[in-house]
Amino acid sequence: MKKTILIACLGLVSLGLQAQSISLAGEWNVELGKSGSAFAKNKRASQGEVKRAILPGTIDTNRLGFAPKDTMETTHLTRLYAYKGAARYSRTINIPKDWKKKPVELFLERTRPTWVYVDGELVDSCNFVSTPQRYLLPKKVKPGKHLLEIVVDNGRGVPDQVYGSSHAYTEDTQTNWNGIIGRIELQLVSSVESKSAETLTGTIPSRSVASPSALQMPDFARDFHIEGAHFYANGHRIFLRGKHDAAVWPLTGHVEMSVEGWMKYLGICKEYGINHVRFHSWCPPEAAFVAADSLGIYLQPELPFWGSFDKKDERLMAFLHQEGENILREYGHHPSFRMMALGNELWGDIDKMKEFVDDFRKIAPDKYYTFGSNYYLGYQGIKEGMDYFTTCRIGGEGWGKYNTHTRGSFSFADAYDGGMINHFHPNSTMNFDEACDKAGIPIISHETGQFQTYPDYREMKKYTGVLHPYNFEVFRRRLAAAGMLSQADDFHKASAYGA
């Protein structure tokens with residue numbers, strides 16, 4: 001795939017240890033403006049009040065956004081301080097004297113599309129959303145004080161489809177926040193890395209991502225491989241007991257960035273016997289991989305997409321391919337990173353999906369790949385290039401048949417009588433052996449435990465952050481209007497426990 005790679009912001013794994021870094025966490029000035037405006041392009045147009053924001057953080061966590069006009073939304077929680085557009089974050093930086101004539105890099109661990117300026121001059125722009133952004137500062141930036149400005153725009157810079165079809169962006173879960181989260185630093189870089197100021201045009205690099213040696217690999221990931229229809233590691237067959245993760249962080253409205261936070265979350269998963277997490281249409285940060293390495297949990301990140309994999313959409317294809325390369329190079333050295341998918345429930349060009357997988361396999365041959373999790377809702381079945389299949393079925397079935405199914409519950413529009421669980425009386429003999437035996441490669445059942453439950457209104461008091469449960473309030477008012485509010489707990493127990 002031909003493309004121009006702006007190496008100035010490539011999220012490559014560091015080639016050597018950082019000699020020194022300066023944290024830029026703390027108070028910043030912030031101005032709000034419209035996407036694509038003169039302000040967003042750093043022209044000195046007046047934008048009114050200059051506010052203060054604490055970074056790492058977002059417009060939401062700093063309570064600088066706008067109160068919701070609609071409090072009747074029922075499909076997701078509501079942002080109390082929502083903002084979509086350009087935000088210019090600025091502060092004075094001081095480059096030490098002993099950094100003279102040494103290459104200096106600005107490191108932004110996770111953000112939205114950005115445009116970076118030093119002393120009013122554009123350094124570069126970057127639209128990486130799954131991995132850190134790195135900017136090499138111009139050589140003319142000498143030791144001393146300088147004005148650093150970072151325009152972050154959550155309203156432009158990525159293909160339009162991504163805003164509503166990726167859990168990296170969608171309002172349904174972690175929200176389309178504007179800000180910079182995780183580490184924000186000035187770093188000294190090696191002379192080799194400093195060459196990243198060049199712009200290169202070429203084909204996909206063929207070099208592999210560095211992966212742990214057999215001696216460094218922890219037991220849970222040692223010799224992780226596939227034989228027939230099963231995964232193996234450390235000399236024995238393993239069974240993946242997994243969960244779906246959609247970036248649900250209701251207190252902050254953005255993904256957790258600390259190792260401690262991920263150790264707590266994944267630690268609870270492990271207590272429940274879960275050893276595998278699939279990240280639906282997004283990729284977690286470095287901290288998640290570090291925690292998973294320690295706890296022995298297998299991770300499957302995905303490209304930030306859920307929709308039509310349209311080869312004619314060159315902008316979308318280039319964006320997704322770059323995101324995939326970045327994910328592999330940034331996180332590929334982690335033992336927990338064993339599998340990868342191109343997104344969730346994709347449809348579109350299957351040959352293009354295979355091309356992506358073939359390209360990624362050249363970059364990181366130690367990983368196992370599949371096309372989109374539950375691509376074509378499983379109807380297209382297993383194709384060449386898929387090492388395993390995350391799916392609800394392994395191909396189309398006759399209406400009223402369940403011989404291709406790999407999970408029990410379906411939409412009534414997608415399977416006769418809503419699938420086996422709804423069709424058959426409860427029993428201990430029903431299983432998915434027929435479909436799995438035909439597959440010939442490992443099958444991971446897709447979104448098996450996805451059931452609707454009635455809300456537990458006692459949970460409402462727990463939403464103390466940037467998202468408010470107005471949807472709960474709507475449901476409660478409806479129940480009260482029907483004269484059944486006293487039965488709220490009964491409805492919750494009947495639906496949740498029954499599921």
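Sequence positions, counted from 1, serve as the residue numbers for this chain. Predicted, not measured: the structure shown is a model, and the values here were computed from it. What's counted below: heavy atoms across the whole structure, side chains too, no hydrogens, waters or symmetry copies.
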So does Q161 get a backbone contact from the side chain of S165, meaning a donor-acceptor N/O pair under 3.5 Å? yes
Please answer whether the main-chain N or O of R241 pairs with a side-chain N or O of N275 as donor and acceptor at a distance below 3.5 Å. yes
Tell me whether the guanidinium CZ or amine NZ of R110 lies under 6.0 angstrom from the six-membered ring centre of W177 and within 45° of its axis. no
In Å, rounded to the nearest 0.5 Å, how long is the span from CG of L251 to CD of E256? 10.0 Å
Between T111 and T114, do the side chains contain an N or O donor and an N or O acceptor separated by less than 3.5 Å? no
Scan side-chain atoms only and decide if D414 and Y379 contain a donor-acceptor pair under the 3.5 Å cut-off. yes
Hey, could you give me the OH/CH2 distance between Y135 and W115, rounded to the nearest 0.5 Å? 8.0 Å
Any donor and acceptor pair, going by atom type alone, linking the side chain of T406 with main-chain N or O of C392 inside 3.5 Å? yes
Side chains of H167 and E302: is there a donor and an acceptor less than 3.5 Å apart? no
Intermediate values then yes/no, side-chain contact (heavy atoms from CB on, under 4.5 Å), Y89 and V152: CA-CA 8 Å; Y89 302 87; V152 179; 3.7 Å; yes
Close aromatic pair by centroid cut-off 6.0 Å: Y402 and F424: yes
Under the 3.5 angstrom rule, does the side chain of N178 hit a backbone N or O of I59 as a donor-acceptor pair? no
May I ask you to establish whether R407 and F410 are in a cation-pi arrangement, using a distance under 6.0 Å from NZ or CZ to the six-membered ring centre and at most 45° from the ring axis? yes
Check E185, E330, E109 against R134 for a salt bridge (Lys or Arg N to Asp or Glu O under 4.0 Å) and give me the one that passes. E330
Step by step, work out the side-chain contact (heavy atoms from CB on, under 4.5 Å) result for Y331 and E286. CA-CA 7 Å; Y331 309 124; E286 173 75 13; 3.5 Å; yes
Side chains of Y470 and D70: closer than 4.5 Å at any heavy-atom pair? no
Residues R79, E73: salt bridge by 4.0 Å N-O rule: no
Do you see a donor-acceptor pair shorter than 3.5 Å between the side chains of E171 and H76? no
Has the side chain of T404 got a donor or acceptor atom that lies under 3.5 Å from a matching backbone atom of G395? yes
Candidate list E447, Q300, H244, H280, test side-chain hydrogen bond (donor to acceptor under 3.5 Å, both in side chains), partner S373, passing option: Q300
Lys/Arg N to Asp/Glu carboxylate O, K312 vs D349, below 4.0 Å: no
More than 12 heavy atoms of other residues, nucleotides or ligands under 6.0 Å from CZ of R477: yes or no? yes
Distance from F239 atom CZ to I444 atom CD1, nearest 0.5 Å? 9.5 Å
F371/F309 under ring-ring contact (aromatic ring centres under 6.0 Å, His included): CA gap, chis, key distance, verdict: CA-CA 10 Å; F371 297 172; F309 213 76; 8.9 Å; no
Does this structure show an ion pair linking E27 with R91, if we count only N-O contacts that are shorter than 4.0 Å? no
Sole residue of W282, Y463, W262 in ring pair (Phe, Tyr, Trp, His ring centres under 6.0 Å) with W249: W262
Any chance the side chains of D310 and S308 put a donor and an acceptor closer than 3.5 Å? no
Using the six-membered ring wherever Trp is involved, compare the ring planes of F289 and F337 and label them parallel, tilted or perpendicular (cut-offs 30° and 60°). tilted
From Y388 OH over to L240 CG, what is the distance, rounded to the nearest 0.5 angstrom? 9.5 Å
Measuring from atom CZ of R393 to atom CG of N403, what distance do you get when rounded to the nearest 0.5 angstrom? 10.5 Å
Check step by step if side-chain contact (heavy atoms from CB on, under 4.5 Å) holds for T390 and N374. CA-CA 6 Å; T390 301; N374 208 36; 5.9 Å; no
CG-NZ distance between D313 and K352, expressed to the nearest 0.5 angstrom: 11.0 Å
D387 vs K367, test: salt bridge (Lys or Arg N to Asp or Glu O under 4.0 Å). Steps then yes/no. CA-CA 9 Å; D387 296 317; K367 307 290 184 284; over 6 Å; no
Evaluate the criterion side-chain contact (heavy atoms from CB on, under 4.5 Å) for residue pair Y163 and N154; output intermediate values, then yes/no. CA-CA 9 Å; Y163 293 104; N154 62 340; 5.7 Å; no
Among side-chain atoms of D60 and H254, is any donor-acceptor pair under 3.5 angstrom? no
